[in-house]
Amino acid sequence: MKLRVGMLLFALASGCVSRPDPRENIPEQPVPFGSVMVDAGRREVIMTGYVNQVEGPLELLACGPGGKTHESALVIFADPHDIQAALLLLGLRHGPPMPDVGKGPPMGDRVLITVVWELDGQTHRARAETFLFDVKTRRVAKHGGWIFNGSVTEDGRFKAREEESYITTYWDPWSIINLAGNIGADDERISVNRDAIPPLHTPVRVIVRPEGKR
């Protein structure tokens, strides 16, 4: 017994026994966080929804079922409180709110948005911005990325819930995530890229993570 204790003390002193890594407590799989999933190890927030629009003008990439579905590419089944809280939990920071609709630019940390879907037995992945078509240049929109600007609370009401606007292409201070580039100031500039978006009503997963994180 004394020999075993002595060997352990020697190993600790010499660094042969590793100390616990706090990262070992991070779950290896996504875990539920209200209506969304959070993968802390990969720093991802995962939401589910479906393709809502495959042609026509857009002001949103994604809204809730009760939102502006007539101008949103995707519909997401998630509580906006959960979306914003999960992004904050991952360490993302938002800036001050924009003064009004179409008035920007949005301020906050940059994020990447990936859409994943199954079709014909295969898994497909695409950056969300590839679904956006610039009607002026007749090309895929030069977007400048996405900004976690964070929605606001006014008179005790969380504004992202008021309109169910979650990820917008036309600058909206009530939305949680906005398009970064100046194209976001023009509500007539973006339409659906029919060559890139999955078929209508295709179930999708929308994954948001900090920019630069693969």
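Atom set for the values below is all heavy atoms of this structure, side chains included, hydrogens, waters and symmetry mates excluded. For reference, positions follow the sequence shown, starting with 1. The shown structure was predicted, so the numbers you read here are calculated from the model rather than taken from an experiment.
- Linking Ile, Leu, Val, Met, Phe, Trp and Tyr whenever their side-chain heavy atoms come within less than 4.5 Å puts Ile83 and Ile167 in one cluster.
- The side-chain contact (heavy atoms from CB on, under 4.5 Å) test applied to Val51 returns Val54, Leu74, Ile197, Pro198, Thr202, Val204, not counting sequence neighbours.
- Considering only heavy atoms from C-beta on, Ile190 stays 4.5 Å or farther from Pro57 through its side chain.
- Residue pairs meeting the salt bridge (Lys or Arg N to Asp or Glu O under 4.0 Å) criterion with at least one partner in residues 132-141, sequence neighbours excluded, are Asp134-Arg189.
- Cluster annotation: Phe33 and Tyr166 are assigned to the same hydrophobic cluster (Ile/Leu/Val/Met/Phe/Trp/Tyr, side-chain heavy-atom contacts under 4.5 Å, transitive).
- When the side chains of ILVMFWY residues are joined at heavy-atom separations under 4.5 Å, either directly or via intervening members, Leu89 and Val206 end up in a single hydrophobic cluster.
- If you check the side chains of Arg209 and Thr114, you find a donor sitting under 3.5 Å from an acceptor.
- In this structure, the side chain of Asp39 engages the main chain of Gly41 through a donor-acceptor pair within 3.5 Å.
- Summarising the geometry of Gln53 relative to His70, their closest heavy-atom pair is OE1-O, 3.3 Å, with the distance given to 0.1 Å.
- When every heavy atom of Leu60 is checked against every heavy atom of Lys68, the shortest pair comes out as CD1-CB, 3.8 Å.
- Note on Val192: it clusters hydrophobically with Ile76, by side-chain heavy-atom contacts below 4.5 Å among ILVMFWY residues.
- Using a 4.5 Å heavy-atom cutoff, the side chains of Ser151 and Gln84 are in contact.
- Separating the CG atom in Leu58 from the CG atom in Asn193 is a distance of 10.0 Å, to the nearest 0.5 Å.
- Side-chain contact between Met37 and Val31 is absent, with no heavy atoms from C-beta onward closer than 4.5 Å.
- Side-chain contact annotation: Asn52 with Ser72, donor-acceptor N/O pair under 3.5 Å absent.
- Contact between Leu61 and Ala128 at its shortest, heavy atoms only, is CD2-CB, 3.6 Å.
- Scanning both residues, Ile147 and Gly108, for their nearest heavy atoms gives CG2-N, 3.6 Å.
- Here the side chains of Thr168 and Ile177 are not in contact, with every heavy-atom distance at 4.5 Å or above.
- Looking at Val135 and Ser191, their side chains come closer than 4.5 Å, going by heavy atoms from C-beta outward.
- Panel note: side chain Asp79, backbone Ser35; no donor-acceptor pair is recorded below 3.5 Å.
- Side-chain contact annotation: Glu211 with Trp146, donor-acceptor N/O pair under 3.5 Å absent.
- Residues Lys159 and Thr153 fail the side-chain proximity criterion, which asks for heavy atoms closer than 4.5 Å.
- Proximity of Glu44 to Val208: side-chain heavy atoms (C-beta onward) are nowhere separated by under 4.5 Å.
- Side chain of Asp155 to main chain of Arg157: no donor-acceptor pair is present (N/O by atom type, distance under 3.5 Å, no hydrogens or angles).
- Residues passing the side-chain contact (heavy atoms from CB on, under 4.5 Å) test with Ala126 are Trp117, Thr130, Phe131, sequence neighbours excluded.
- The shortest non-hydrogen separation linking Ala160 to Ile176 is CB-CG1, 3.9 Å.
- In this structure, OH in Tyr170 is found 13.0 Å from OG in Ser175, a value given to the nearest 0.5 Å.
- Through direct or relayed side-chain contacts under 4.5 Å between Ile, Leu, Val, Met, Phe, Trp and Tyr, Phe158 connects to no other residue.
- Minimum interatomic distance between Gly181 and Trp171 (heavy atoms only, all atoms of both residues): O-CZ2, 3.3 Å.
- Under the 4.5 Å side-chain heavy-atom criterion for Ile, Leu, Val, Met, Phe, Trp and Tyr, Ile113 and Leu88 are members of the same hydrophobic cluster.
- Tested against Leu87 for a side-chain contact (heavy atoms from CB on, under 4.5 Å), the candidates Asp109, Val45, Val38, Val36 yield a single pass: Val45.
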Cut-off 3.5 Å, no hydrogens considered: what does the side-chain donor-acceptor table look like for residues 90-103, sequence neighbours left out?
none

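- Residues His124 and Gln122 have side chains in contact (heavy-atom distance under 4.5 Å, counting atoms from C-beta outward).
- By the side chain to side chain donor-acceptor pair (under 3.5 Å) test, Asn149 pairs with Asn178, sequence neighbours left out.
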